[in-house]
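Structure, as structure tokens:
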Amino acid sequence: MKEYNFREIEQKWHQNWVANKTYKVTEDESRKKFYVLNMFPYPSGAGLHVGHPLGYIASDIYARFKRLQGYNVLNPMGYDAYGLPAEQYAIQTGQHPEVTTFANIDRYREQLDKIGFCFDWDREVRTCALGYYHWTQWAFQKMFQSCFSLTPLTPSPKGEGEMLGGKARPIADLVAYFEQNGTEGLEQYGVACSEELNFTAEEWKAMDEKQKSDVLMNYRIAFLGETMVNWCPQLGTVLANDEVVDGVSVRGGFPVEQKKMRQWCLRVSAYAQRLLDGLNTIQWSDSIKETQKNWIGRSEGTEVLIKTTEGAEFTIFTTRADTMFGVTFFVLAPESELVEQVTTADQKAEVEKYLSYVKSRTERERMIDHTVTGVFSGAYGINPITGDKCPIYIAEYVLAGYGTGAIMAVPAHDSRDYAFAKHFDLPIVPLVEGADVSEESYDAKEGIVTNSPAEGKVAVEYDGESLCLNGKTIKEAIAETKRFVKAHNLGRVKVNYRLRDAIFSRQRYWGEPFPVYYKNGIPTMIPEECLPIELPAVEKFLPTETGEPPLGNATKWAWDEANKKIVDNALIDNKTVFPIELYTMPGFAGSSAYYLRYMDPQNNEALISEKCADYWQNVDLYVGGSEHATGHLIYSRFWNKFLVDLGVSKKEEPFQKLVNQGMIQGRSNFVYRIKDTNTFVSLGLKDQYDTTPIHVDVNIVKNDVLDTDAFKAWRPEYATAEFVLEDGKYVCGWAIEKMSKSMFNVVNPDMIVENYGADTLRLYEMFLGPVEQSKPWDTNGIDGCFRFLKKFWALYWGKDDQLQVTDSEPTADNMKTLHKLIKKVSADIEAFSYNTSIPAFMVATSELAQQKCTSKKVLEPLAVLIAPFAPHIAEELWEAMGHTTSVCDAQWPELDEKYLVESTVKVGVQFCGKVRFTMEFAADATSQQMIDQVMAAEESQRYLQDKQVVKTIAVPGRIVNIVVK
RNA sequence: GCCCAGAUGGUGGAAUUGGUAGACACGAGGGACUUAAAAUCCCUUGGCCAUAACGGCCGUACGGGUUCGAGUCCCGUUCCGGGCACCA
């Protein structure tokens, strides 16, 4: 029989695919499109390990399957090429990050090519390529030139249907509005802003350029904002919220502090509602939708205006409007501007002391340490519902960044307020029937409201009406209070989101430069036709001595406005030549719209052409890790929605279906050295000695048995190692850990491909378990898949290297095996459960081998079925069977149920719910026929003896159960 | 604290969605072929009891429940993983 020479086969087909451009994709209106995408990798210096290709293989199978079904499949790949590691390497070595990045990309490409993916490499994108980041810069400028409002600021000519949740509009519309009305009446349009401003049309017209620029910044979607940012001193840059976990940076784990800085931001918060609503229209896992919902954090509540006895006023936000009668104090956030307005003269010293204490605490300390602290402001607020005067406190448990930075405290029904009240000995007034608040607060949102108002008391009257909530459920009480507050103008119903605007600038070198220059302090866009603005060369990649970002080292980084070009810094005169922005964009800038660029990667006129956008629409299947849930997957959705508003992107949601592949963990091996010796003891005997476990390279261990010679050669200090063996073998211990160099548990795909071939690797990665599940890599099982491919190969080859595929008619058994497989595999791929298809292939292969099937009518479709999983072997067999075109262009075999119809079925016969034996029934037997047959059967008699039949249950084709007593 | 997902042999994992639990693979044990090794093939492999043979009982983290019948549905508990977290 002809040997399965995978090395020869795979090399042959790699060359063939390149030569024939087998995976080239073009827009083809005559065929339905299907867009499969993987999260593109950051090309790190370590290269790919066996975990990386998991998602690529899964989506490659899907892409190949869809192509076989006749779809025009887009399955591209590229590189998220800007990033910290390359920059840090550059700082250490002076090597330009582009050099290391390109070297890493080449290595990635080489590794990827070995695995046989059907990527169309002509569509490759790199975020650091000029032709690519052109459009990142362009999108930023469009965001700068846009504001966001719920309804159009100009009457729309056709009264077009408005997008629920608002959309981006030209900032010019807002300027026109200001010219006419100032800010008057603006609130009814729902314009997203950093803070609410008030001016008249005259005041607007009287403003100078700088003032107008500052006002508009308040509304732009990409804006320069003075905000609290996550500053990481060790990294020398600010970070977005999703880049900080537990007060330290995700990359490097360095402490992060809060700092007020002027930074570029994206008004992601404006899209909060659309981001939330969109989740209902996409096929993502519940857990990731949940994560995004939490991150967006919508809460519906009420804002109420509170006046102080001193005449100041502030607004509080509450989701529990029903508890207005239980308010016993108010609390302001220490960072809030209200503190200054409210604090009385005689409490000023105390308050200042407290504020400096709060300032001294780091974000991390505040997060971990929840002890009750606070100070009395000296002022009292008047509860507009009850008329009661309650003290106003300042305390760090109230956050400035959420709601209005001020709350009403209801200690009876909020655990935080409760702790505060206990500490400062403030009254606690319960409002829910049966609630016991002597030990803790009653936070639950269920129960009947009482004590609102208390017996014998009457709430404040407005227009002859006063609020009474007694006897209502909490839900009803909330609704009633909202109505009352609104009706009497005491406040308004308000929705708040936890989602913050994204900080969009970084103090780094290796990122997209901003196409912005500063014209006498006014940030100004470099004209669109002058884009892209190329990242300038610098000598050093560190910040400058004066603390400016690395781009401050660039000598040619000034904008000549008249000549529209970049010139030497020396020419800056702030009349015609101006300095350019020194910040660069963050990592998520380039990765937010890359899926669109794949549709039309070479286009220099636009991000994508209208034609390509219309054809490819959005990603049908997106595969990637769930760790991007609150980062990339939010930013991308935001960015896409903005581009939809611009008319560039065609679908509200960029990724219709999302599959999160699990992480591949490492399986480490250990040897046990007897203390103070160079002798190693096998796992089973180690307890007899005093040993230290030592990580050993998993590549010199097979099935947990150490190759002792390889071990001696591994490191010089082990050259003289001695072993205490069990059964003549050295057995290693093992543990599941992260795959990393330091644990010597990294398994490289190249090695697997070298030893077993790409097809075996692909099969085995899928066989390991569900794609979505995290699991340890264990090379041990791979032999099973390799053996299977050899058996599969053997189906086609007879003696003397001759193909044994004949034109003979297939038997009924042959067809049954084939169609069972078609049914199973088609359903599995569609459901992304490849791990169960491979066993199906194994079973079918051994069945066909047993049947001695040689019929072309079976073996041809079989080769097509395996093509998505093991494309090389499929191509080889396809060619051997006389085809001159690629198996990729074959037709996915159609299922014919008629081969699966059984004349008889085997059914378990139960007595009293327990299966006692199996019986054959006619496939179309009715329940009654089955029961009759069971009753008459000889086997049944022992269970029926002396007993009475109580009940009979039969499901045709499934089960018969006789209950006896 | 709140929300989400999960727990099945020595191991990775199947189970037509309420109908013969443990497919398939690894590992282990036994055997065949071979001078030998590799490769290949065959048998056994959840636990306990039993046997010349048939067979029986227990078993899907734990405790209850619904049902003729539960790995699957419901209630409670434990453990592991993920998200959010002074968000009012």
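In what follows, every chain begins at residue 1, and chains take the letters A, B, ... in the order their sequences are listed. Predicted model only: the values in this text are computed from it and were never measured.
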- Item | Ring centres under 6.0 angstrom apart (A/Tyr756, A/Tyr764) | no

- Take A/Gln273 and A/Tyr497, measure what side-chain hydrogen bond (donor to acceptor under 3.5 Å, both in side chains) needs, and give me the verdict at the end. CA-CA 9 Å; A/Gln273 191 58 50; A/Tyr497 300 92; 2.3 Å; yes

- Expressed in whole Å, how much space separates the C1' atoms belonging to B/A23 and B/U77? 32 Å

- Task: Could you tell me the separation between the CZ atom of A/Phe767 and the C1' atom of B/A25, rounded to a whole number of Å?
- Result: 3 Å

- Query: In whole angstroms, how far is the C1' atom of B/A85 from the CD atom of A/Glu290?
  - Reply: 14 Å

- Message: When you measure from the side-chain N and O atoms of A/Lys790 to the phosphate of B/U40, is any distance below 4.0 Å, counting only OP1 and OP2?
- Response: yes

- Message: Could you check whether any side-chain N or O of A/Asn961 sits under 3.5 Å from a backbone N or O of A/Ile953, counting only pairs where one atom can act as donor and the other as acceptor?
- Response: no

- Query: Between atom CD1 in A/Ile953 and atom P in B/C68, what is the gap in whole Å?
  - Reply: 7 Å

- Message: Whole angstroms only, please: what is the CZ-P distance between A/Phe329 and B/A88?
- Response: 16 Å

- Query: Which whole number of Å gives the distance between the P atom of B/G55 and that of B/U60?
  - Reply: 24 Å

- Query: Contact class for A/Gln910 (heavy atom, under 4.0 Å): base, sugar-phosphate, or nothing?
  - Reply: base

- Query: Can you say whether the rings of A/Phe841 and A/Phe792 are parallel (under 30°), tilted (30 to 60°) or perpendicular (over 60°)?
  - Reply: perpendicular

- Separation of the P atoms in B/A32 and B/C80, to the nearest angstrom: 50 Å

- Classify the nucleic acid contact of A/Asn496 as base, sugar-phosphate or nothing, counting any heavy atom under 4.0 Å across all strands shown. nothing

- Step-by-step ring-ring contact (aromatic ring centres under 6.0 Å, His included) determination, A/Phe832 to A/Tyr834: CA-CA 6 Å; A/Phe832 241 74; A/Tyr834 308 117; 5.2 Å; yes

- Donor/acceptor link under 3.5 angstrom from A/Gln773 side chain onto base of B/G13: no

- Item | Mate of B/C2 where both pairing distances stay under 3.5 Å, Watson-Crick or G-U | B/G83

- What nucleic acid atoms does A/Val331 come within less than 4.0 Å of, heavy atoms only: base, sugar-phosphate, or nothing? nothing

- Task: Please determine, for B/C68, whether a Watson-Crick or G-U wobble partner exists with both distances under 3.5 Å, and give it or none.
- Result: B/G19

- Message: From NZ of A/Lys775 over to P of B/A25, roughly how many Å is that when rounded to an integer?
- Response: 19 Å

- Distance between the P atoms of B/C73 and B/G19, in whole angstroms? 11 Å

- So which nucleotide does B/U11 pair with, by the Watson-Crick or G-U wobble rule with both distances under 3.5 Å? B/A25

- Task: Let me know the distance between CG of A/Asp828 and P of B/U16, rounded to the nearest Å.
- Result: 12 Å

- Query: Should A/Asn835 be listed as having a side-chain N or O under 4.0 Å from OP1 or OP2 of B/A14?
  - Reply: yes

- Considering only atom P, compute the distance from B/G18 to B/G71 and round it to an integer number of Å. 13 Å

- Message: Say we look at B/C24 and B/U45: how far apart would their C1' atoms be, to the nearest angstrom?
- Response: 15 Å

- Query: What's the NZ-P distance between A/Lys791 and B/C41, to the nearest Å?
  - Reply: 5 Å

- Just call it for A/Pro770: base, sugar-phosphate, or nothing, with non-hydrogen atoms closer than 4.0 Å on any strand. sugar-phosphate

- Rounded to the nearest Å, what distance is computed from the OH atom of residue A/Tyr4 to the P atom of nucleotide B/A38? 22 Å

- Item | Partner nucleotide, any strand, of B/G76 [Watson-Crick/G-U, under 3.5 Å] | B/C62

- Query: With sugar-phosphate meaning primed atoms plus P, OP1 and OP2, does A/Arg498 contact a base, only sugar-phosphate, or nothing at under 4.0 Å between heavy atoms?
  - Reply: base

- Item | Atom P, compared across B/C62 and B/U8: separation rounded to whole Å | 10 Å

- Item | Counter-base of B/A39, judged by Watson-Crick or G-U geometry with both distances under 3.5 Å | none

- Query: When the C1' atoms of B/C33 and B/G22 are considered, how many whole Å apart are they?
  - Reply: 32 Å

- Query: Looking just at side-chain N and O atoms, do A/Ser269 and A/Asp501 make a donor-acceptor pair shorter than 3.5 Å?
  - Reply: yes

- Message: Over all strands shown, is A/Ser299 touching base, sugar-phosphate only, or nothing at heavy-atom distances under 4.0 angstrom?
- Response: sugar-phosphate

- Item | Side-chain-base donor-acceptor pair under 3.5 Å for A/Asn961 and B/C68 | yes

- Message: At 4.0 Å (heavy atoms only), tell me whether A/Ile407 reaches a base, stays on the sugar-phosphate, or touches nothing.
- Response: base

- Message: With a 4.5 Å cut-off on side-chain heavy atoms, are A/Val449 and A/Ile474 touching?
- Response: yes

